[in-house]
Amino acid sequence: MFRCVLAVAQLPFTRFNNTTHLWCLRALKYSVPILQRARGAGERWEEEHYEDGVKWRFLEHKGPLFAPEYEPLTDNVRFHYNGQPMKLSANAEEVATFFGKMLDHEYTTNAIFRANFFTDWREVMTSAERKLITNLNKCDFQEIHTYFTEKTEAKRVQSKEVKQDLKMEQEAIAQEYGYCTMDGHRERIANYKIEPPGLFRGRGSHPKMGKLKNRIQPEDVIINCSRDSKIPVPPTGHNWKEVRFDNKVTWLASWTENVQGAMKYIMLNPSSKLKGEKDWQKFEIARRLKGCVDDIRAKYSADLKSREMKSRQRAVALYFIDKLALRAGNEKEEGETADTVGCCSLRVEHIKLHNKLNGQACVVEFDFLGKDSIRYYNKVLVKKQVFKNLKHFMQNKDPSDDVFDRLNTHNLNKHLQELMEGLTAKVFRTYNASITLQHQLEQLTDSEGSEAEKLLSYNRANRAVAVLCNHQRTAPKSFDQSMKKIQAKIEAKKEQIDLTKSELKSAKMYHKVKKDKKSKLCKKYDVPIEKVYNKTQREKFAWAIDMTEEDFVF
DNA sequence: CCTAGAACTTAGCATAATGTTG
DNA sequence: CAACATTATGCTAAGTTCTAGG
């Protein structure tokens, strides 16, 4: 801990401010008890935990913060239908503003988005409005759009003092609603604000995009807290849907969202003891996998030749999950969500088999949309037996048929549980990401190198993990332009190669890769922690930072 | 068993905050 | 200091896994 504080203080170009102090205090508060427990003679920290699924003994909070009420537009901001200005009823107007605000977003040109929006919008209209407004193409939201754009701009240019005051107000609200008391600790709540109404922004080609997300009322919300705590008071004139006292769950409040019918929860911040310990446990499971992964690999390699179809399918799936860090791939209800897949749900159309490709034998070409409709494209050299099996699984099937027709995530995970306690498909992602990072760091880092060089190594290692996990984000529209600028910079700075190297890398990193954050190895390589993690990440990994000795290996 | 729904983690996009430059 | 670039944080969608109940 103290070594860590010193590292922060020594740094050039870093402000050692209140935030940093707060972070250190929090780290002390949470990580030291964990540390002591973890190091107790033969004592496992889980044993300190409450019995049998109990998550807490005492929980008190204020209840969630509701979205501000809708403020009707003034008469000078007009909606036009078919060229004619028209005053909408309050409900219809509110929903119109949701669309109007988004006018410069691509969503509003999407046919599905438009159709869903229009259907839901018409439902909140008065019958007179519904009768008149029958074609979205005749709707003109431009004044609404301009109004909100100007409002944002006005906010942007207001004086420092006004901004400061507003910030203070927000902070006061956060102090009141943003924290709870759990077992004697004041803990930050991750999402104390109830999601405001709006238009559903599904990713990829989501069949429900544009649908109206309803305004949540206290009557929709279930509160969870201690029986002996100060029970949250609903807003005046309202009641909670229910108040329950369930200490076997971690959430403080929940409601059912209307677009997908899914539950939404209010839970604690990652910096909390509850979440932090769970996260810790996740890495412990991954480390246990490290100890037996060779056996597990041997087992599924043997299963590749099993007479039983189910075992062979499972073996191939595990091979992919392990080698390529694919997600498990639950089955999804058709038409309810974007069509995305993971390992178990791969279809014949997602895989191409190449007996020979560029001089290599047994190449599998993957092309599918994974989580968040992010494309996974990869050509992989596989074991002969894997290739043979795949060929067999895919024989006489239609493109839309499942490759692994005898397999699902449930029976896969059940099998994994038998191989190692706590093992599930996602543990392989954690394990492979961690081990990749460590190996890359070992390979890339020269302990004699400068700080900049070490940072570069770290970023490269991180990049390798991002590639493994297929973490990416869509390139901003200005990508080409900024890339050109970067190129120009490189030319200009060719003289000072050392400096430029790291700059280029970080510039490229920004565009290509979203950082993965699971390293605990900064201390080991003597890299200042805040060059690598931002405040949020440091808070979340306070425990990990603290635990990391110089000789720490994953 | 099996399955639907509940609970909890992971992840990309939006936006706010901060830094840089002309 | 405005305009642009980059980073940090907020938000919530989209996954995985667990669990309860038939």
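The chains referred to below are lettered A, B, ... by the order of the sequence lines, with proteins before strands, and numbering in each begins at 1.
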According to a strict under-4.0 Å criterion, is [X] in side-chain N/O contact with OP1 or OP2 of [N]?
X       : N       : value
K264(A) : dA13(C) : yes
T250(A) : dA7(B)  : no
K248(A) : dA7(B)  : no
K278(A) : dC8(B)  : no
K163(A) : dA16(B) : no

Starting at atom [atom1] of [X], determine the distance to atom [atom2] of [N], rounded to an integer number of angstrom.
X       : N       : atom1 : atom2 : answer
I285(A) : dT9(B)  : CD1   : C1'   : 13 Å
E106(A) : dA14(B) : CD    : C1'   : 15 Å
L65(A)  : dC11(C) : CG    : C1'   : 14 Å
I266(A) : dC11(C) : CD1   : P     : 11 Å
F148(A) : dT15(B) : CZ    : P     : 13 Å
M267(A) : dC11(C) : CE    : P     : 17 Å
I222(A) : dA7(B)  : CD1   : P     : 8 Å
N269(A) : dG10(C) : CG    : C1'   : 11 Å

Hey, does [X] reach any base, or is it just sugar-phosphate, or nothing, if we go heavy atoms under 4.0 Å?
X       : answer
A338(A) : nothing
Y265(A) : base
S254(A) : nothing
K414(A) : sugar-phosphate
T409(A) : nothing

K62(A): which residues meet the salt bridge (Lys or Arg N to Asp or Glu O under 4.0 Å) condition with it, sequence neighbours left out? E176(A)

The criterion is salt bridge (Lys or Arg N to Asp or Glu O under 4.0 Å); which residues satisfy it with K193(A), sequence neighbours excluded? none

Can you figure out which of [options] approaches the side chain of [X] most closely?
X       : options                  : result
E195(A) : dA13(C), dT3(B), dC8(B)  : dA13(C)
K371(A) : dC18(C), dA11(B), dA7(B) : dA11(B)
K426(A) : dA7(B), dT16(C), dT12(C) : dT16(C)
H105(A) : dT17(C), dA14(B), dA6(B) : dA14(B)
H471(A) : dA7(B), dA14(C), dA11(B) : dA11(B)

Just checking, any donor-acceptor pair under 3.5 angstrom between side chains of N330(A) and T409(A)? yes

Residue pair Y300(A) / D322(A), side-chain donor-acceptor N/O under 3.5 Å: yes

Tell me which residues in residues 201-217 of chain A lie within less than 4.0 Å of DNA chain B, going by non-hydrogen atoms. R203(A)

Rounded to the nearest 0.5 Å, what separates atom CZ in R314(A) from atom NE2 in H415(A)? 3.5 Å

Expected output is a numbered-order residue list: members of residues 321-335 of chain A with a heavy atom under 4.0 Å from any atom of DNA chain C. What is it? R327(A), A328(A), G329(A), N330(A), K332(A)

Quick one, which residues of residues 255-262 of chain A touch DNA chain C with a heavy atom under 4.0 Å? Q260(A)

Any ion pair linking [Y] and [X] (charged N to carboxylate O, less than 4.0 Å)?
X       : Y       : value
D405(A) : R347(A) : no
K241(A) : D220(A) : no
R288(A) : E284(A) : no
R406(A) : E308(A) : no
K208(A) : E336(A) : yes
D120(A) : K211(A) : yes

Earlier contact from the 5' end, DNA chain B, for D372(A) and R244(A): R244(A)

Contacts of F428(A) that satisfy ring-ring contact (aromatic ring centres under 6.0 Å, His included) - sequence neighbours left out: none

Judged by atom type as modelled, is there a donor-acceptor pair below 3.5 Å linking the side chain of N247(A) to the main-chain atoms of F58(A)? no

Check if the side chain of K275(A) and the base of dT9(B) share a donor-acceptor pair of N or O atoms closer than 3.5 Å. no

K167(A)/E171(A) under salt bridge (Lys or Arg N to Asp or Glu O under 4.0 Å): CA gap, chis, key distance, verdict: CA-CA 6 Å; K167(A) 207 175 161 185; E171(A) 180 53 27; over 6 Å; no

